[in-house]
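Structure, as structure tokens:
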2 protein chains.
Amino acid sequence: MSVAVAKTPRASVREGREKSIFDAARSVFAEFGFKGATTAEIARRAGIPKANLHYYFATKEALYRHVTAEVLTDWLSAASSFDEKDDPAEAIAAYIGAKMDLARADPLGSRIWANEILRGAPVIGDFLETTLANWLSSREAIVRRWIDQGKLVTMEPRYFFYMIWASTQHYADFEGQMMALNGGQPLSDEQFETAKKQVIATLLRGVMPQF
Amino acid sequence: MSVAVAKTPRASVREGREKSIFDAARSVFAEFGFKGATTAEIARRAGIPKANLHYYFATKEALYRHVTAEVLTDWLSAASSFDEKDDPAEAIAAYIGAKMDLARADPLGSRIWANEILRGAPVIGDFLETTLANWLSSREAIVRRWIDQGKLVTMEPRYFFYMIWASTQHYADFEGQMMALNGGQPLSDEQFETAKKQVIATLLRGVMPQF
DNA sequence: GATAAGTTTGACCAATCGGTCAATTCATTG
DNA sequence: CAATGAATTGACCGATTGGTCAAACTTATC
């Protein structure tokens, strides 16, 4: 098996085109949702004729499914950071940090997710009911154990996860609103770091007994 | 001036039609955003021919502006509950409670707002930059005073408000996701009350020094 | 360098889009 | 009950939608 084989011009052109279509699709789906997105606008942002887009992705829905699949993968990747620590404070802080970083690094992914939920999750519904539901159940069990051990205050773990998701994804989904409230400027790296620390501090403080 | 004058059949028919169109428009805009919404679907949900819809609202955008105006009014109405108490814990709890109740009573309004932000707030942008920015500034000043008085932990008030908005509106915008994670069932009244209490408790605990 | 395979694109299609309009129905008023 | 104005609606408009197709073009292979 060859490693890092030099791509033929053909293959790399294909790769580049698919990438540029994919990126353009992400931005359009994030902004307008599936229904509001048009293949013409995606092609325009990708800088190619519409017919060329349909050569690489047969239908708008096929393209959308590719995009959402990646979003779900990224979500799960960030979720894994919850499991890397045994201490509740560390696990929660790591998870919130990872979710904040994801919202900052890839706001479009979060917005695609949000749009999908807003229209009733016709495409990722299965994922929510199976993979996500299972993830939540098992992490609820972990949090419940911590509560029983007196390491966290009494609470319903599920609603705590909702707060984490809401508070972190807000920085992606409502970036436009934050910009409007920040003198038209996007949050600087310093502002974002402050926000991130504060979200972690407030949520930790909200559920840790020793404070 | 007559009070509660009996409406003529004509006037009340007009009122009823406008209301049913308005409600249908709310649900379609909430689900698909402005771009994804179609006047045909709005008319279908209102149970009238499309031409009749255009008799009452000349354009899709005019209808959308009517809908958003109401959303902003409701937002400000809930916001006023922050000012009714002098004690920080009471003010914050009242505000979170009001925002939770609004998300529960009118999830569509929150979703219309979310869709508007996702596409860059072309219609409510002015509101965000003026009315909302002013509201936030003045309440930041109040929170800062409480911090100086040692009634709240040191923090950046703005990011705390973002957490409140995120955590509460999440119950409207992501209702579909919560349903999928709740065995396909919407949150019961009891579940919602538990969630509401927990959001208040966690956020209060997160910023109150005495805990 | 000829042939085949992969890629690009303008032109085009039926369906749907937001919106118009004239004809009709309806309720109100003198 | 005649006349007036408000309300209703099917038919229709040009523009846009997602998608197709054949012809042209580019790269790889023998």
Side-chain angles (χ1 to χ4, degrees), chain A residues 2 5-29 31-68 112 115-116 119 122-123, chain B residues 2 5-29 31-68 112 115-116 119 122-123:
Chain A
S2 61
V5 58
K7 270 133 197 158
T8 66
R10 224 160 231 138
S12 68
V13 161
R14 171 167 209 111
E15 219 169 78
R17 273 271 189 278
E18 278 177 352
K19 178 79 163 60
S20 69
I21 294 170
F22 199 81
D23 289 346
R26 283 174 58 85
S27 76
V28 175
F29 285 134
E31 192 170 338
F32 300 110
F34 177 78
K35 186 114 196 296
T38 68
T39 55
E41 176 62 14
I42 295 172
R44 201 190 59 76
R45 294 193 190 184
I48 57 169
K50 195 181 60 168
N52 200 6
L53 181 154
H54 279 100
Y55 173 74
Y56 286 102
F57 298 91
T59 66
K60 175 180 163 183
E61 190 180 330
L63 178 50
Y64 180 72
R65 286 182 182 274
H66 270 84
V67 167
T68 51
I112 290 160
N115 265 308
E116 170 71 6
R119 66 170 183 140
V123 168
Chain B
S2 61
V5 58
K7 270 133 197 157
T8 66
R10 250 256 138 107
S12 69
V13 160
R14 171 165 210 113
E15 218 168 80
R17 273 273 189 275
E18 278 177 353
K19 178 80 163 59
S20 69
I21 294 170
F22 199 81
D23 289 347
R26 283 174 58 86
S27 76
V28 175
F29 285 134
E31 193 170 337
F32 300 110
F34 177 78
K35 186 117 194 296
T38 66
T39 55
E41 176 62 15
I42 294 171
R44 201 191 58 78
R45 294 194 190 184
I48 58 168
K50 194 180 63 168
N52 200 4
L53 181 153
H54 280 100
Y55 173 75
Y56 286 101
F57 297 91
T59 67
K60 175 180 163 183
E61 191 179 329
L63 179 50
Y64 181 72
R65 285 181 183 276
H66 269 85
V67 167
T68 52
I112 290 161
N115 266 308
E116 170 72 4
R119 66 168 183 141
V123 168

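By convention in this document, chain letters (A, B, ...) are assigned in the order of the sequence lines, proteins followed by strands, and residues within each chain are numbered from 1.
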Write down the distance between [atom1] ([X]) and [atom2] ([N]), rounded to a whole number of angstrom.
{"X": "Ile42(B)", "N": "dC17(C)", "atom1": "CD1", "atom2": "C1'", "result": "12 Å"}
{"X": "Leu53(A)", "N": "dG10(C)", "atom1": "CG", "atom2": "C1'", "result": "16 Å"}
{"X": "Arg44(B)", "N": "dC17(C)", "atom1": "CZ", "atom2": "C1'", "result": "16 Å"}

Contacts of type ring pair (Phe, Tyr, Trp, His ring centres under 6.0 Å), residue Phe34(A), not counting sequence neighbours: Tyr64(A)
side-chain contact (heavy atoms from CB on, under 4.5 Å) filter on Pro49(A), not counting sequence neighbours, yields Asn52(A)
Strictly by salt bridge (Lys or Arg N to Asp or Glu O under 4.0 Å), give each pair with a member in residues 46-56 of chain A just once, sequence neighbours left out. none
Could you go through Glu61(B) and Arg65(B), starting from their C-alpha distance and side-chain angles, then the distance that decides it, and tell me whether this counts as salt bridge (charged side-chain N to carboxylate O under 4.0 Å, His left out)? CA-CA 6 Å; Glu61(B) 191 179 329; Arg65(B) 285 181 183 276; 2.8 Å; yes
Does [X] have a side-chain nitrogen or oxygen under 4.0 Å from the phosphate oxygens OP1 or OP2 of [N]?
{"X": "Tyr55(A)", "N": "dT8(C)", "answer": "no"}
{"X": "Arg17(A)", "N": "dT7(C)", "answer": "no"}
{"X": "Tyr56(A)", "N": "dT8(C)", "answer": "yes"}
{"X": "Arg14(A)", "N": "dG6(C)", "answer": "no"}

What's touching nucleotides 16-20 of chain D from the protein side, N or O pairs under 3.5 Å?
from: dG18(D); atom 1: OP1; to: Ala37(A); atom 2: O; distance (Å): 2.9
from: dG18(D); atom 1: OP1; to: Thr39(A); atom 2: N; distance (Å): 3.4
from: dG18(D); atom 1: OP1; to: Lys60(A); atom 2: NZ; distance (Å): 3.2
from: dG18(D); atom 1: OP2; to: Thr39(A); atom 2: N; distance (Å): 3.0
from: dG18(D); atom 1: OP2; to: Thr39(A); atom 2: OG1; distance (Å): 3.2
from: dG18(D); atom 1: N7; to: Lys50(A); atom 2: NZ; distance (Å): 3.0
from: dG19(D); atom 1: OP2; to: Lys60(A); atom 2: N; distance (Å): 2.6
from: dG19(D); atom 1: N7; to: Lys50(A); atom 2: NZ; distance (Å): 3.1
from: dG19(D); atom 1: O6; to: Lys50(A); atom 2: NZ; distance (Å): 2.8

Identify all side-chain donor-acceptor contacts of residues 36-46 of chain B below 3.5 Å with residues at least two apart in sequence or on another chain.
from: Thr38(B); atom 1: OG1; to: Glu41(B); atom 2: N; distance (Å): 3.1
from: Glu41(B); atom 1: OE1; to: Arg44(B); atom 2: NE; distance (Å): 3.0
from: Glu41(B); atom 1: OE2; to: Arg44(B); atom 2: NH2; distance (Å): 2.9
from: Glu41(B); atom 1: OE2; to: Arg45(B); atom 2: NE; distance (Å): 2.7
from: Glu41(B); atom 1: OE2; to: Arg45(B); atom 2: NH2; distance (Å): 3.4
from: Arg45(B); atom 1: NH1; to: Ser27(B); atom 2: OG; distance (Å): 3.1
from: Arg45(B); atom 1: NH1; to: Glu31(B); atom 2: OE1; distance (Å): 3.3
from: Arg45(B); atom 1: NH2; to: Glu31(B); atom 2: OE1; distance (Å): 3.1

Within residues 36-57 of chain B or reaching into it, pairs that qualify as ring pair (Phe, Tyr, Trp, His ring centres under 6.0 Å) - sequence neighbours excluded: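 Qualifying pairs, neighbours excluded: Phe57(B)-His66(B).
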Given dA6(D), dG10(D), dT8(C), the nucleotide with the shortest approach to the side chain of Asn52(A): dT8(C)
